[in-house]
Every structure is written in structure tokens, then in C-alpha cells.
Amino acid sequence: MKKSTIITTFFLFAFATTVFPQHKFALNLGYDYMQKHTGYVGAEYRIDSNLQEHTAHGPFTIGIGSYLYGENGKFSVAPEVHLNKTWKHFISAEISASTKNLKPSIGLTFFNLARLQFGYSFPIKQSDFKGFSVGFHILIGRAPFYDEMRVF
């Protein structure tokens with residue numbers, strides 16, 4: 001089960017980056033704490049364009065990935081999918097669902113390059129992923145994925 005989840009995640013990431021040549025993809029690497037320390041590996045796709053003049057709206061992204069954590073002395077993986085919306089280019093809201101939890105969160109984003117999130121994790125089927133959560137994610141991609149910096 002674990003090997004198939006890891007292989008599927010990497011296959012989806014490789015497939016997505018080769019099929020869509022517009023470079024609106026980014027690799028998402030992060031850390032989340034939900035009463036359990038977890039690493040995160042995934043991919044993000046930016047749905048809207050970067051040409052948003054005179055608007056308060058930022059990017060809307062969809063992502064897939066996996067939480068990586070230890071459970072009973074063994075390495076475990078939990079697949080996850082999420083939607084993320086940014087306002088004013090620095091405030092973000094996200095809803096994510098995995099096989100272990102459902103997690104709404106809010107936080108700060110830095111030009112769609114990094115995210116600091118705070119939320120609450122609702123467990124599914126007596127999971128250890130519960131309670132208040134905090135996370136930090138770095139998005140590694142190309143220029144059209146990131147927000148343009150506008151000073152004035």
C-alpha cells in the first residue's frame with residue numbers, strides 16, 4: 001500500500017509536468033504539525049493567470065500530495081488533495097482532505113513562493129491527525145506560477 005501510494009504520487013507529478021507545458025506547476029515541500037509531526041511532498045497547479053490588474057484577488061491553486069510520517073515505528077504515507085485561494089497577494093485560505101483528516105486553514109503567503117498556515121484538523125476514523133495545526137510549505141516552480149511583485 002505504501003509503495004503504491006508513493007509511486008502513484010510521483011507518477012502523477014511527472015505526468016502533470018510533462019502534459020501541461022505552460023509551467024503553472026510547482027513542487028510543494030513542507031512540514032505540518034497536527035498533534036503529529038509530518039513532512040509533505042506534492043504538486044500544485046495554478047488555475048488562473050498571473051495577469052490580474054486592479055484586483056484584490058490572488059491565485060487559485062489545486063494540489064495533490066502525501067503526508068509522510070512515522071506510525072508505530074514504521075514509515076507511513078497519507079494521500080491528500082487541497083484547494084488554495086489567495087487574497088491581496090499575502091492572505092491565503094485552504095481546505096484539504098486526506099485519508100486521515102479534513103483540514104481548513106488560513107495563513108500568509110509570500111508571493112506564492114512560501115506559505116505559513118494555521119488551521120484545525122478534523123480526524124477521520126479515529127486518526128491521530130487531530131486538533132490545531134500549523135504548517136510551512138515552500139513552492140518550487142517557474143515564473144508564471146509565482147505572483148508578480150508590484151510596488152505601486
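As the structure is a prediction and not an experimental result, all values here were calculated from the model.
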- Exactly one of Asp32, Leu29, Thr109 clears side-chain contact (heavy atoms from CB on, under 4.5 Å) with His137, and that residue is Asp32

- Task: Before giving the answer on side-chain contact (heavy atoms from CB on, under 4.5 Å), spell out for Asn84 and Gln117 the whole-Å C-alpha distance, their side-chain angles and the decisive distance to 0.1 Å.
- Result: CA-CA 11 Å; Asn84 187 298; Gln117 301 169 322; 3.8 Å; yes

Is there side-chain contact between [X] and [Y], with heavy atoms separated by less than 4.5 Å?
X	Y	result
Ser96	Glu94	yes
Thr99	Ile124	no
Ile62	Ile47	yes
Ser66	Glu80	no

- Task: Please name all residues satisfying ring-ring contact (aromatic ring centres under 6.0 Å, His included) with Phe118, sequence neighbours left out, ordered by chain then number.
- Result: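 Testing Phe118 for ring-ring contact (aromatic ring centres under 6.0 Å, His included), a comparison that skips the adjacent residues, returns none.
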
- Can the ring centres of Phe136 and Tyr31 be said to be less than 6.0 Å apart? no

- Message: Using a 6.0 Å cut-off, check whether atom CD1 of Ile95 has over 12 heavy atoms from anything other than its own residue.
- Response: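 Counting neighbours around CD1 of Ile95, more than 12 heavy atoms of other residues, nucleotides or ligands fall under 6.0 Å, so yes.
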
- Which atoms form the tightest heavy-atom contact between Asn28 and Glu44, and what is the distance?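 Between these two residues, the closest heavy atoms are ND2-OE2, 2.9 Å.
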
- Message: I need the minimum non-hydrogen distance between Thr86 and Phe90, along with the two atoms involved.
- Response: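 Minimum heavy-atom contact is CG2-N, 4.0 Å.
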
- Task: Dump the intermediate steps for side-chain contact (heavy atoms from CB on, under 4.5 Å) on Lys100 and Glu71, then the final yes or no.
- Result: CA-CA 13 Å; Lys100 300 281 184 181; Glu71 186 173 41; 4.2 Å; yes

- Task: With rounding to the nearest 0.5 Å, note down the distance linking OG in Ser92 to CD1 in Ile106.
- Result: 8.5 Å

- At what distance, to the nearest 0.5 angstrom, does CG of Leu139 lie from CG of Leu27?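 Those atoms lie 8.5 Å apart.
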
- Message: If hydrophobic residues (ILVMFWY) are linked whenever their side-chain heavy atoms come closer than 4.5 Å, directly or via other members, who joins Phe129 in its cluster?
- Response: Met34, Tyr40, Tyr67, Tyr69

- Any idea how Phe132 and Tyr120 line up, ring-wise: parallel (<30°), tilted (30 to 60°), or perpendicular (>60°)? perpendicular

- Ignoring hydrogens and angles, state whether a donor on the side chain of Ser121 or Asn101 is under 3.5 Å from an acceptor on the partner side chain. yes

- Task: Kindly write out the residues that satisfy salt bridge (charged side-chain N to carboxylate O under 4.0 Å, His left out) with Lys36, not counting sequence neighbours, or none if the list is empty.
- Result: Asp128

